[in-house]
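Please read the structure below before turning to the comments.
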Number of protein chains: 2
Amino acid sequence: MPRPKLQSGPATSERILDVAERLVQQQGFNGFSYATVASELHISTASLHYHFPSKTDLGRALIERYHASFSRALDDIDRDARGAADKLRRYAALYDSVIKNDRLCLCGMLAAEFATLPAPMQQALTAFFDLNERWLAAVLKDGRSGGALDFRDSPADRARILLGALEGAMLVARSYGDEKRFRAAANQLLEDLGSGPRVKPRRASK
Amino acid sequence: MPRPKLQSGPATSERILDVAERLVQQQGFNGFSYATVASELHISTASLHYHFPSKTDLGRALIERYHASFSRALDDIDRDARGAADKLRRYAALYDSVIKNDRLCLCGMLAAEFATLPAPMQQALTAFFDLNERWLAAVLKDGRSGGALDFRDSPADRARILLGALEGAMLVARSYGDEKRFRAAANQLLEDLGSGPRVKPRRASK
DNA sequence: GTCTATAGGTGGATAGAC
DNA sequence: GTCTATCCACCTATAGAC
């Protein structure tokens with residue numbers, strides 16, 4: 001069992017994932033190479049293959065880490081947010097922080113390349129979307145029964161619409177290099193759900 | 001000046017575009033190669049380069065043809081549709097026919113790869129989105145002033161939301177290999193705009 | 001764990017014959 | 001317009017030394 005490192009930074013495999021994640025979010029899984037990651041970290045591609053024997057292994061690890069990280073973020077929201085509308089605002093803020101770095105959602109990008117991905121990555125991808133849809137559906141359901149949100153269709157259907165709309169808004173906004181475009185769409189999508197004002201909370205009106 | 005062909009099928013360059021278009025919509029611009037197109041058409045890659053000297057040329061031609069084709073489809077809708085709600089239904093049907101063939105919108109796919117595309121393709125891409133947003137905004141504006149549609153924000157903002165939501169719904173639905181997923185989302189998005197019942201028109205209610 | 005060196009394949013693109 | 005042959009760059013991946 002290796003001793004915990006006392007002074008060094010993140011383990012090499014984590015730094016590999018960090019760089020690869022950014023490259024995939026910006027250029028796609030078919031648009032980046034081991035060579036790029038290696039040169040950026042000043043290591044050889046052979047070292048990369050030591051940590052991730054195949055590109056498929058690296059890709060799956062990327063999705064699984066992203067999934068776990070997103071899952072923790074959703075737990076944090078559940079713990080900290082005040083009400084369903086606030087949960088949705090914080091959820092949208094997760095996307096906003098992504099496009100601010102000139103990236104797409106990792107899984108939104110991979111969804112475009114879906115047909116060319118190896119099967120293990122395809123499965124990990126839908127698992128990520130499932131997580132998002134389940135969480136959104138639960139928030140929407142609670143928000144409606146509590147009176148904070150208003151929509152006509154089922155929470156599950158509305159969750160799918162919301163997920164797709166946020167992914168698509170990022171996709172188009174990034175082509176214009178205009179993150180405000182995304183923010184405007186996200187804010188309006190939340191307003192459509194009757195999630196209240198987005199900038200400052202107001203005391204009960206009327 | 002070449003004589004018009006009397007008996008042959010579409011010109012070679014058109015058949016190249018047909019195959020390349022399908023491959024890009026399914027696998028992305030970085031996910032297909034001249035070799036694949038050539039073997040499918042039983043010609044050599046050198047012939048491909050005769051018609052489209054570089055892959056950038058081919059990519060730009062793909063977007064421009066797609067743009068022109070879409071523009072004609074929108075003209076047809078303007079001519080044939082009965083009212084704004086019907087126009088939106090027919091617009092969504094364009095997307096539906098795409099995902100039914102296991103494809104993404106050509107420009108939705110390219111938007112994901114945006115950062116890796118040559119500049120001429122990037123410009124052609126935003127021109128396509130501009131066309132869609134202008135058309136949608138005009139339909140939304142007319143529909144609201146005529147009472148057929150109802151939404152709170154500006155027609156331009158709502159057009160952007162709708163375009164992004166349709167692109168995103170396709171993106172996610174295709175990862176599940178489930179075109180019904182897209183259709184459900186599209187129908188609900190139209191209902192949100194107060195575009196009335198989607199299956200059969202009804203006589204004035206109440 | 002990291003390296004050098006390299007294998008083996010595929011990418012886009014070109015030359016020149018026909 | 002289409003072909004064969006070829007170039008060179010890049011890709012993923014491996015072997016084996018350190």
Side-chain angles (χ1 to χ4, degrees), chain A residues 1-21 23-24 26-63 110 113 115-121, chain B residues 1-21 23-24 26-63 110 113 115-121:
Chain A
M1 180 163 66
R3 285 176 300 163
K5 299 200 175 180
L6 294 180
Q7 57 174 22
S8 61
T12 302
S13 62
E14 284 298 311
R15 290 190 300 145
I16 293 170
L17 290 171
D18 289 340
V19 172
E21 181 177 278
L23 290 173
V24 172
Q26 289 174 339
Q27 311 183 7
F29 189 71
N30 297 324
F32 91 104
S33 72
Y34 269 41
T36 309
V37 179
S39 83
E40 211 169 299
L41 293 174
H42 304 290
I43 61 178
S44 67
T45 61
S47 288
L48 273 190
H49 281 282
Y50 168 81
H51 293 281
F52 301 97
S54 75
K55 204 181 178 186
T56 300
D57 296 323
L58 174 56
R60 192 176 45 178
L62 281 176
I63 302 175
L110 294 175
E113 301 176 289
T116 69
L117 298 180
M121 289 182 65
Chain B
M1 180 163 65
R3 286 177 298 164
K5 299 201 175 181
L6 293 180
Q7 56 173 23
S8 61
T12 303
S13 64
E14 285 298 311
R15 291 191 298 143
I16 292 169
L17 289 172
D18 289 339
V19 173
E21 180 177 278
L23 289 173
V24 173
Q26 289 174 339
Q27 308 182 12
F29 189 71
N30 296 325
F32 91 104
S33 72
Y34 270 41
T36 308
V37 179
S39 83
E40 211 168 300
L41 292 174
H42 305 289
I43 60 177
S44 67
T45 61
S47 289
L48 272 189
H49 281 281
Y50 168 79
H51 293 281
F52 302 97
S54 75
K55 203 181 178 187
T56 300
D57 296 323
L58 174 56
R60 194 177 43 179
L62 281 176
I63 302 175
L110 294 175
E113 301 176 289
T116 70
L117 297 181
M121 290 182 65

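Taking only side-chain nitrogens and oxygens, Ser47(A) never comes nearer than 4.0 Å to OP1 or OP2 of dG1(C). Here His49(B) does not reach the OP1 or OP2 of dA15(C): none of its side-chain N or O atoms lies under 4.0 Å away. Contact between the side-chain N/O atoms of Ser54(B) and the OP1/OP2 oxygens of dG12(C) is not found at any separation under 4.0 Å.
Contact annotation for Thr45(A): base contact, defined as any heavy-atom pair under 4.0 Å involving a base atom. Contact annotation for Phe32(A): backbone-only contact, meaning every heavy-atom pair under 4.0 Å involves sugar-phosphate atoms and none involves a base. Residue Ser44(B) is in base contact, counting any heavy-atom pair closer than 4.0 Å across all strands shown. Among the atoms of the strands shown, base atoms are found under 4.0 Å from some heavy atom of Tyr50(B).
Residues Met121(B) and Phe29(B) come closest through the heavy atom pair SD-CZ, 3.6 Å.
Nearest nucleotide to the Tyr34(B) side chain, out of dC3(C), dT2(D), dA13(C): dA13(C).
A donor-acceptor pair is defined here as one N or O able to donate and one able to accept, closer than 3.5 Å; such a pair exists between the side chain of Tyr34(A) and the backbone of Ser54(A).
When the P atom of dA13(C) is taken as reference, atom NZ of Lys55(B) falls 8 Å away, rounded to whole Å.
A distance of 8.5 Å separates CZ in Arg60(A) from OG1 in Thr56(A), rounded to the nearest 0.5 Å.
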